[in-house]
Amino acid sequence: MRNLADRKLLKFLLVGVVNTLVGTAIMFGLYNLAHASYWVSSAANYILTSILSFFLNKYFTFHNQQKSISQVVRFAANIAVCYLLAYGIAKPACRSLLQGFSVEIQDNISMFTGMCLFTGFNYLGQRLLVFHET
């Protein structure tokens with residue numbers, strides 16, 4: 001297995017910056033301005049930016065030319081698993097650590113923490129499982 005911290009990681013992180021900017025606007029806008037729930041706000045972020053992420057990472061990061069429905073299915077499964085793991089860890093951890101703070105502060109910090117966890121899980125999943133880069 002090649003080193004996972006190579007040029008592809010840098011490209012993935014660049015794509016991540018674009019996705020994070022778009023996703024942050026969606027997620028925090030829905031939660032704080034539209035008063036959507038924690039789960040709706042974070043899920044909307046990942047559904048919409050996942051589409052962008054798939055194409056940017058497929059062609060820019062991994063230079064993958066494969067055209068198959070199984071790759072799209074693996075990508076969708078990866079996103080779902082990463083989302084559930086990241087936010088499943090972040091929300092209870094932040095609730096526990098930030099007990100004296102308001103629910104809004106807990107949720108905002110939890111969403112940020114979830115984004116960070118998601119990025120790490122997603123990189124590994126896309127590289128190893130979706131685009132088969134070792």
Side-chain angles (χ1 to χ4, degrees):
M1 177 185 278
R2 293 184 340 180
N3 186 1
L4 293 175
D6 59 8
R7 188 172 185 92
K8 290 179 182 174
L9 175 60
L10 294 175
K11 287 182 172 185
F12 183 86
L13 293 173
L14 181 60
V15 168
V17 168
V18 171
N19 279 345
T20 299
L21 292 173
V22 172
T24 298
I26 292 167
M27 184 167 59
F28 290 108
L30 283 172
Y31 184 80
N32 292 301
L33 301 175
H35 306 291
S37 75
Y38 171 89
W39 292 106
V40 168
S41 300
S42 59
N45 167 21
Y46 286 103
I47 290 167
L48 297 174
T49 59
S50 290
I51 296 166
L52 176 62
S53 174
F54 177 78
F55 289 104
L56 289 175
N57 282 319
K58 179 177 177 72
Y59 296 110
F60 174 72
T61 303
F62 299 114
H63 302 285
N64 185 283
Q65 300 301 317
Q66 178 185 357
K67 295 192 185 313
S68 74
I69 194 70
S70 67
Q71 188 177 59
V72 173
V73 170
R74 285 192 312 269
F75 182 84
N78 176 64
I79 294 298
V81 168
C82 292
Y83 172 79
L84 292 172
L85 277 173
Y87 286 92
I89 292 168
K91 187 159 177 88
C94 287
R95 288 280 163 114
S96 177
L97 293 171
L98 301 169
Q99 286 179 352
F101 293 89
S102 72
V103 171
E104 289 80 17
I105 289 175
Q106 290 176 12
D107 282 349
N108 277 286
I109 292 172
S110 176
M111 286 187 291
F112 177 77
T113 303
M115 286 174 66
C116 295
L117 290 171
F118 180 89
T119 300
F121 294 147
N122 188 31
Y123 173 67
L124 294 173
Q126 282 191 44
R127 183 162 186 164
L128 301 174
L129 303 173
V130 177
F131 299 113
H132 298 292
E133 294 280 331
T134 56

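Since this is a predicted model, take the numbers as computed values, not measurements. Throughout, residue positions are numbered sequentially from 1 according to the sequence presented. In what follows, every heavy atom counts, from backbone to side chain, and hydrogens, waters and symmetry copies are set aside.
- In this model, a donor atom of one side chain and an acceptor atom of the other lie less than 3.5 Å apart for Lys58 and Gln71.
- The neighbour count for Phe28 CZ, taken as heavy atoms of other residues, nucleotides or ligands under 6.0 Å away, is above 12.
- Within 6.0 Å of the CZ atom in Phe101, the count of heavy atoms belonging to other residues, nucleotides or ligands does not exceed 12.
- Across all non-hydrogen atoms, the minimal contact from Asn45 to Gly23 is OD1-CA, 2.9 Å.
- Between the side chains of Tyr31 and Asn108, not a single donor N or O lies within less than 3.5 Å of an accepting N or O.
- Between Tyr38 and Tyr87, the ring planes are perpendicular. Angles over 60° get that label, and only those under 30° would be called parallel.
- For the pair Thr24 (side chain) and Thr20 (backbone), a donor-acceptor distance under 3.5 Å is present.
- A cation-pi geometry, defined here as NZ or CZ lying under 6.0 Å from the six-membered ring centre and within 45° of its normal, holds between Lys11 and Phe60.
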Where do Lys91 and Gln106 land on the side chain to side chain contact (heavy atoms under 4.5 Å, CB included) test, with the steps shown first? CA-CA 8 Å; Lys91 187 159 177 88; Gln106 290 176 12; over 6 Å; no

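- Classification of the Phe55-Tyr59 ring pair by plane angle, with boundaries at 30° and 60°, yields parallel.
- Below 30°, between 30° and 60°, or above 60°: for Phe75 and Phe54 the angle between ring planes is above 60°, a perpendicular geometry.
- The two residues Ser53 and Asn19 have their closest heavy-atom pair at CB-ND2, 3.0 Å.
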